[in-house]
Amino acid sequence: MKQQLMSIAAASELIRSGAFLSLAGPEGALDALPKGNWVAGTIPYFMDTAGGVVSTEGQVFVTPLPTQAQVTLAHYAADQLKGIVGNGPDNGFTMAIVPAGSAAHTKFAEEAANDADAFLKPTVGWVAGIHLSDLGKVTPKVYLGTTGQKFEDGVVAAHVALPESQLASIEIVNIFEPGDGDTLRFTETSFEIGDCLVNGEKTSLAAYVRAQGLGDGKLPLVGDFGGAHLNASIQSVDAAGGKVVLYAPVFTGVDYHFAKPVADYGASFRERLTGYRTEGVSFSCNCILNFLFGELEGQKIGDLPGPVTFGEIGYQLLNQTLVVLRIE
């Protein structure tokens with residue numbers, strides 16, 4: 001079975017069969033599910049086979065975990081996050097879901113890449129969110145299906161040990177490239193930035209973003225991590241307070257540039273995904289910012305269904321990125 005949107009009744013039947021699952025859906029839908037072998041996070045946005053979908057009730061998105069695997073489900077509090085990688089299998093992957101805005105979200109984002117085994121034991125997953133109309137009113141949740149508990153903090157994880165004949169790998173599809181403009185560097189790892197170095201000169205990032213016309217957040221900062229381009233997206237700009245808040249932290253010792261403009265998100269994704277090999281793909285997720293700015297509701301951009309999230313996990317926290325887990 002491939003990942004897909006499902007009615008609560010159909011998902012409940014699958015859970016009762018004993019299947020190991022990763023789920024996504026509105027809080028009311030997840031609350032209606034029976035206990036079982038599943039982890040989940042709240043979100044009402046999805047890329048389905050026919051295109052982008054907003055589903056506010058009655059459905060959940062089901063990602064089946066490999067049937068030949070040994071799966072262990074767990075919840076880690078914000079001070080236990082080393083267990084995500086530490087308890088990960090030597091051959092396989094960990095599916096992790098963390099609620100947006102939680103202490104665990106911040107801690108994972110700032111520290112995950114520093115774990116000695118972070119890039120040896122693949123961690124894939126996403127940041128749970130809410131309907132955007134509920135911002136400030138409702139908190140994102142994650143669920144541990146074995147106990148039926150839901151949490152506003154911590155990380156739920158499925159540690160999936162694969163047989164020796166299979167191998168898990170993580171791929172990212174980033175439609176953004178660093179622009180040719182100024183080089184930005186940061187003196188601390190943080191989601192909230194006051195001053196930064198622009199071409200070596202101390203500068204207020206908020207003032208710089210406003211002056212460059214980048215305050216709408218459509219273009220992320222793109223960091224050069226040894227040739228890999230990873231995004232940190234703008235959440236808000238407080239020019240009066242001199243602060244920029246990001247959806248993912250920036251890191252010290254990394255050169256950042258604002259991304260080159262993208263004229264058409266949907267077209268850019270379709271171009272990048274033309275001929276994309278889908279054999280072995282068992283999970284994917286895309287970013288809510290791509291969904292919104294690209295007006296992807298109703299648009300089909302490729303054969304990679306999955307939740308549309310408040311952040312993506314591919315070894316570490318990512319933004320405005322399509323993340324794919326492949327098992328072969």
Side-chain angles (χ1 to χ4, degrees), residues 1-6 10-25 30 33-41 43 46 60-76 80-98 108 112 115 117-128 142-149 151 154-172 277-285 303-307 309 312-316 322-328:
M1 190 189 76
K2 295 183 178 179
Q3 50 177 350
Q4 59 184 298
L5 272 172
M6 224 180 244
S12 297
E13 184 177 347
L14 195 58
I15 290 168
R16 292 189 185 101
S17 76
F20 284 86
L21 307 168
S22 173
L23 307 175
L30 295 175
L33 298 174
K35 293 179 184 178
N37 299 318
W38 55 277
V39 292
I43 201 72
F46 311 96
V60 294
F61 197 92
V62 177
T63 299
L65 299 174
T67 55
Q68 295 182 326
Q70 291 184 332
V71 183
T72 304
L73 307 179
H75 171 264
Y76 296 98
Q80 299 174 322
L81 298 188
K82 287 191 177 296
I84 297 172
V85 172
N87 293 331
D90 291 332
N91 182 56
F93 65 94
T94 294
M95 175 75 73
I97 311 171
V98 57
F108 179 86
D115 192 297
D117 291 329
F119 295 95
L120 299 176
K121 296 181 175 182
T123 300
V124 69
W126 53 284
V127 179
V142 294
Y143 290 70
L144 183 62
T146 50
T147 64
Q149 291 173 286
F151 306 88
V155 175
V156 291
H159 299 295
V160 182
L162 295 173
E164 292 184 3
S165 59
Q166 292 183 314
L167 183 67
S169 60
I170 298 172
E171 301 167 6
I172 67 171
R277 190 171 64 87
T278 58
E279 290 83 6
V281 171
S282 64
F283 169 77
S284 67
C285 63
D303 295 318
L304 294 171
T309 66
E312 304 75 60
I313 296 172
Y315 299 105
Q316 64 187 81
L322 172 63
V323 170
V324 175
L325 172 69
R326 194 186 299 275
I327 301 173
E328 294 183 303

Could you please spell out the steps behind the side-chain contact (heavy atoms from CB on, under 4.5 Å) verdict for F283 and Q3? CA-CA 7 Å; F283 169 77; Q3 50 177 350; 3.8 Å; yes
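- Between R277 and E171 no salt bridge is recorded (no basic side-chain N to carboxylate O distance below 4.0 Å).
- Here I170 contributes atom CD1 and T123 contributes atom OG1; the two are 6.5 Å apart, rounded to the nearest 0.5 Å.
- Summarising the geometry, atom CZ belonging to F20 is positioned 14.0 Å from atom CH2 belonging to W38; distances are rounded to the nearest 0.5 Å.
- Side-chain contact between L325 and F93 is present, with at least one heavy-atom pair separated by less than 4.5 Å.
- Separation of atoms CG (L167) and CG (N91) is listed at 6.0 Å; rounding is to 0.5 Å.
- What you find for L73 and A158 is that their closest heavy atoms are CD2-CB, 3.5 Å.
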Evaluate the criterion side-chain contact (heavy atoms from CB on, under 4.5 Å) for residue pair H159 and V71; output intermediate values, then yes/no. CA-CA 6 Å; H159 299 295; V71 183; over 6 Å; no
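- Using a 4.5 Å cut-off on side-chain heavy atoms (C-beta onward), M6 and L14 make contact.
- Counting only distance, with no hydrogens or angles, the side chain of E312 and the backbone of V127 share no donor-acceptor pair below 3.5 Å.
- For Q166, the CD atom counts as densely surrounded, since its 6.0 Å shell holds more than 12 non-hydrogen atoms of other residues, nucleotides or ligands.
- The side-chain heavy atoms of P34 and R16, taken from C-beta on, include a pair separated by under 4.5 Å.
- Taking CE of M95 as the start and CG of L21 as the end, the distance is 11.0 Å to the nearest 0.5 Å.
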In sequence, state the C-alpha distance, the side-chain angles, and the governing distance for Q316 and F119, and then conclude on side-chain contact (heavy atoms from CB on, under 4.5 Å). CA-CA 9 Å; Q316 64 187 81; F119 295 95; 3.6 Å; yes
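- Between T63 and S282, the closest side-chain pair of non-hydrogen atoms is not below 4.5 Å.
- The nearest pair of heavy atoms linking Y315 to P122 is CE2-CA, 3.6 Å.
- Contact of the P66 side chain with the V160 side chain is registered, since non-hydrogen atoms from C-beta on lie closer than 4.5 Å.
- With values rounded to the nearest 0.5 angstrom, Y76 atom OH is found 10.0 Å from L81 atom CG.
- Minimum heavy-atom separation, S22 to I97: OG-CD1, 4.0 Å.
- Inter-residue side-chain proximity for T94 and V124 is flagged as unmet; no heavy-atom pair is nearer than 4.5 Å.
- Residue Q70 qualifies as open at atom CD: its count of foreign heavy atoms under 6.0 Å is 12 or below.
- In this structure, T309 contributes its side chain and W126 its backbone to no donor-acceptor pair below 3.5 Å.
- Nearest heavy-atom pair, L30 versus G25, reported as atom, atom and distance to 0.1 Å: CD1-O, 3.5 Å.
- Between I313 and V98 the shortest side-chain heavy-atom distance falls below 4.5 Å.
- In this structure, G125 and C285 approach most closely via the heavy-atom pair O-SG, 3.6 Å.
- Checking side-chain atoms of R326 against main-chain N and O of E279 turns up a donor-acceptor pair under 3.5 Å.
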Between L23 and I15, is a side-chain contact (heavy atoms from CB on, under 4.5 Å) present by the stated rule, with each step listed? CA-CA 11 Å; L23 307 175; I15 290 168; 4.1 Å; yes
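- D117 contributes no side-chain N or O that, together with a main-chain N or O of V85, makes up a donor-acceptor pair within less than 3.5 Å.
- Residues L144 and F151 approach most closely at CB-CE1, 4.1 Å, considering heavy atoms.
- Note that NE2 of H75 and OG1 of T147 are 9.0 Å apart. Values are rounded to the nearest 0.5 Å.
- Panel note: side chain N37, backbone T146; no donor-acceptor pair is recorded below 3.5 Å.
- Panel note: side chain S284, backbone L304; a donor-acceptor pair is recorded below 3.5 Å.
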